[in-house]
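Before any comments, here is the structure.
Quick caveat, the model's predicted, so the values are computed rather than measured. Chain A is the first sequence line, chain B the second, and so forth, proteins listed ahead of strands; every chain is numbered from 1. Computed over heavy atoms, backbone and side chain alike; hydrogens, waters and symmetry mates excluded.
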Amino acid sequence: MALAPSERNANSPYPEDSAQNCPRTLSLLSPEGVRVVTGEDAARVADIDDTALAALYSKMVVQRRIDAEGTALQRQGQLALWAPSKGQEAAQIGAAEAFRESDFIFPTYRDHGVIHSRGVAASEVMRQWRGASHGGWDPHEKNLAPVQIIIGAQTLHAVGYAMGAAFDGNGGAAVAFLGDGATSQGDVNEAMIFAASFKAPVLFFLENNQFAISEPVTLQSRTPLVDRPRGFGIRAVRVDGNDVLAVLSATRDALARIDAGEGPQFIEAVTYRRGAHTTADDPSRYRDTELESYWEKLDPIDRVEACLRSRGVDVEAVLATAGAEADEVAAELRAAVVSMTEDDPELLFAHVYSEPHPRIEEQRAEYLAYLAETGGDAA
Amino acid sequence: MSTTKLTFAKAINAALDTALEQDPRVLIMGEDIGKLGGVFRVTDGLQAKHGARRVVDTPLAESGIVGTAVGLTYRGFRPIVEIQFDGFVYPAFDQIVAQVAKLTMRTDGRHRMPVVIRIPFGGNIGSPEHHSESPEAYFVHTAGLRVVAPGNPQDAHDMLLQAIASEDPVVYFEPKRRYYESAEVDLDALASAPSMDQAVVRRSGDDVTLVAYGPLVKTALEAAELAAEDGTSVEVVDLRSLSPMDYETLTASVRHTGRLVVAHEASRTVGLGAEISAVVTERCFEYLEHAPVRVTGFDIPYPPAHLEEHHVPDRDRILDGIDHALGRFDGIGLAAPAGASVEGGAL
Ligand SMILES: Cc1ncc(C[n+]2csc(CCOP(=O)(O)OP(=O)(O)O)c2C)c(N)n1
Ligand SMILES: [Mg+2]
């Protein structure tokens, strides 16, 4: 029997988790906005003063705005689909804040905040949601793989990259983002095995947002997910994923351990997907308002705001700046999305192979000739 | 030009050795390929020579092997992956079809996939289930992959080096029952070797075109020899590249002979024989004097070893196919005993 939300451990996604059986969850900023300032976890983010915290706050606000734009653009028929990230801003922005340019990141379709933090324009993020491309940016320029839709597949790619780093000895690390649903995939389990065996410099960053579409995390695992990597020989920690400081601290720690040669690391960030799975989803079919409002109180942005206010920061001014930036991003995004017109049929054939391929060339010529004959009306 | 007598396996080993030596980005990964040298000893001695970071024994997980190979390409490596047996590639199918094959298109051409996936394939080796399959059609059907199958040690050597040099992913099928057969191989003939995309006419003939690849090339040549004794002139085309297919060589041959037989071990339905028959029919319709004939494995799971000789096309079944293509059974039904009324059907 699941406990009522009020009876549960605040940070546990697991209905059975009482305070006793819930593993330690790192928390540095309470839902009320009270900041922990002592201890080694806090020390790792001691440089995040009010100004830096306001900057993180700003980034989260901008991400939430981009996310809302995504949903709006989909509703207006400008995007084919959108996967909302609302509620996961602290997990994504907090992790990304710790990344170095040399870290190679392997994101999922929901990691808009991570992707934006890598300097990818929001409009580029939208290319695939618009249906203009399957990708968007240059993976090598940004050290950022295209988003992965095959659940869990990217974890092996990250581990492979990291094995390469271990083999060539030239430094660098990889980060694999994954969801709670993904932890059931064979690929994720194989990725942990390879990572451990080769002591690969890789960070698994799990955004446990409680759901895989409609399926609750309890269907993927009867035990806390953070307990699983240990069985593979991988150090794992659980953080409050709605706490940007805890996420940042844990990610910095994990990357430092990787740099120190400790091998693969795993972070479970406990968070909640406040929006729908995608714009095609109807969460009211599988979760109730009690759960929604429970997590609303744990929102990752509100608590930073509360903290800043309690410290006398002029939040309105921060919000005004963040709002202006968000407006700018949103306008650029909208303009770029509406003007994406990649309908040149050449593009069908352009990048199937890197080297000449007679059959593709033949089919391209055939189709272009057909279009020419029919005056292009057929397309 | 100097040649050495080498087995198929040693020719592949020599190509791998050369690639490892010439390009520090190349590495080999697979199950048991290190100390053991692979279950077929194809990688024998390579780990001792090049080290465990370049000849990598992996955990026993095929999706993991191919998936980490994908990640290695992001790091700038050119991985060569060994799948232990044909029937064990399926756990890696998703990574091959959804990742390896698609990443170039997914990145609008910005990321390349120089991965070679070596798969020993084919039957007639008396093995238990899953060790004798011919899964090539799955990969040929997958856009974004190149698929090749050498039929002799020289090609095994040259085509592997070409596959390794390719910026595209190549699935490289090795006819495992030919591993220990030898031939003269020139290890320095790569520059003059035909491109791995090309089919090669192994034997010229006038009456019928016989297409085969991998393990059946040798069988096809033997069948052609026997047919010649009976006065039938068979042109044998070694397909070599299963994707892309060399339509030019195929159609040139059929335009000359007017008849087509395709032989493969894989099941018939939607196999390569179907594709080759369609292509030849589309492009050589007015040259054809008979419907194309397919001599293939049956549409059954690969049978137990005691039955495999019935399933895998041999010289006699290929000769029977040639008779069909020559119209020797026309009008008397396909089920007629072989040779019952040859003249009756021919005219
Ligand atoms: C291999 C595979 N199976 C099914 C799907 C369909 N699908 C897309 S997202 C999703 C849920 C994934 O859940 P989770 O890993 O928790 O990530 P989240 O969506 O919550 O971010 C499913 C089932 C898929 N994309 N890939
Ligand atoms: Mg989830």
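Interface remark: Val66(B) contributes no atoms to any contact with chain A (heavy atom separation under 4.5 Å). In this structure, the portion of Leu145(B) lying under 4.5 Å from any heavy atom of chain A is its backbone and not its side chain. Of the two parts of Ala191(A), neither the backbone nor the side chain holds a non-hydrogen atom closer than 4.5 Å to a non-hydrogen atom of chain B. Contact annotation for Ala61(B): both backbone and side-chain heavy atoms come within less than 4.5 Å of a heavy atom of chain A. For a residue to count as touching a neighbouring chain, one of its non-hydrogen atoms must lie under 4.5 Å from one of that chain's; by this rule Phe104(A) touches chain B with the side chain only.
Ranked by non-hydrogen atom pairs under 4.5 Å with chain A, the options Gly64(B), Gly109(B), Gly51(B) are led by Gly64(B). Chain B forms more heavy-atom pairs under 4.5 Å with one residue of Ile149(A), Ile150(A), Val159(A) than with any other, namely Ile150(A). Note: Pro146(A) leads Pro146(A), Gly135(A), Ala200(A) in heavy-atom pairs under 4.5 Å with chain B. For the set Ala350(A), Gly186(A), Ala165(A), the count of heavy-atom pairs under 4.5 angstrom toward chain B peaks at Ala165(A).
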Hey, what donor-acceptor pairs show up under 3.5 Å between chain B and chain A?
from	atom 1	to	atom 2	distance (Å)
Arg53(B)	NH1	Ala166(A)	O	3.3
Arg53(B)	NH1	Phe167(A)	O	3.3
Ser63(B)	OG	Asp187(A)	OD1	2.5
Gly64(B)	N	Glu190(A)	OE1	2.5
Arg75(B)	NE	Asp168(A)	OD2	2.8
Arg75(B)	NH1	Tyr161(A)	OH	3.2
Arg75(B)	NH1	Gly171(A)	O	3.0
Arg75(B)	NH2	Asp168(A)	OD1	2.9
Arg75(B)	NH2	Asp168(A)	OD2	3.3
Arg75(B)	NH2	Gly171(A)	O	2.8
Gln95(B)	OE1	His157(A)	NE2	2.9
Gln95(B)	NE2	Ala153(A)	O	3.4
Gln95(B)	NE2	Asp187(A)	OD2	2.9
Gln99(B)	OE1	Gln148(A)	NE2	2.9
Gln99(B)	NE2	Gln148(A)	OE1	2.9
Met105(B)	N	His351(A)	O	3.2
Arg106(B)	O	Gly135(A)	N	3.1
Asp108(B)	O	His351(A)	NE2	3.2
Asp108(B)	OD1	Ser133(A)	OG	3.3
Asp108(B)	OD2	Ser133(A)	OG	3.0
Arg110(B)	NH1	Gly136(A)	O	3.4
Arg110(B)	NH1	Trp137(A)	O	3.3
His111(B)	ND1	His140(A)	NE2	2.7
Gly144(B)	N	Tyr353(A)	OH	3.0
Leu145(B)	N	Tyr353(A)	OH	3.4
Leu145(B)	O	Tyr353(A)	OH	2.8
Arg146(B)	NH2	Glu355(A)	O	3.0
Arg146(B)	NH2	Pro356(A)	O	2.9
Glu167(B)	N	Glu355(A)	OE2	3.0
Asp168(B)	OD1	Ser354(A)	N	2.6
Asp168(B)	OD2	Ser354(A)	N	3.4
Asp168(B)	OD2	Glu355(A)	N	3.1
Met245(B)	O	Arg359(A)	NH1	2.4
Arg283(B)	NH1	Glu362(A)	OE1	3.2
Arg283(B)	NH2	Glu362(A)	OE2	2.7

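The two residues Pro59(B) and Phe198(A) make their nearest non-hydrogen contact at CD-CE1, 3.7 Å.
For the salt bridge (charged side-chain N to carboxylate O under 4.0 Å, His left out) condition, no pair includes a residue of residues 157-166 of chain A, sequence neighbours left out.
Partners of Ala19(B) according to the side chain to side chain contact (heavy atoms under 4.5 Å, CB included) rule, which considers only residues two or more places apart in sequence or in another chain, are Val26(B), Leu161(B), Ile164(B). For Pro264(A), the side chain to side chain contact (heavy atoms under 4.5 Å, CB included) test picks out Ala195(A), Val202(A), Phe204(A), Ile234(A), with sequence neighbours left out.
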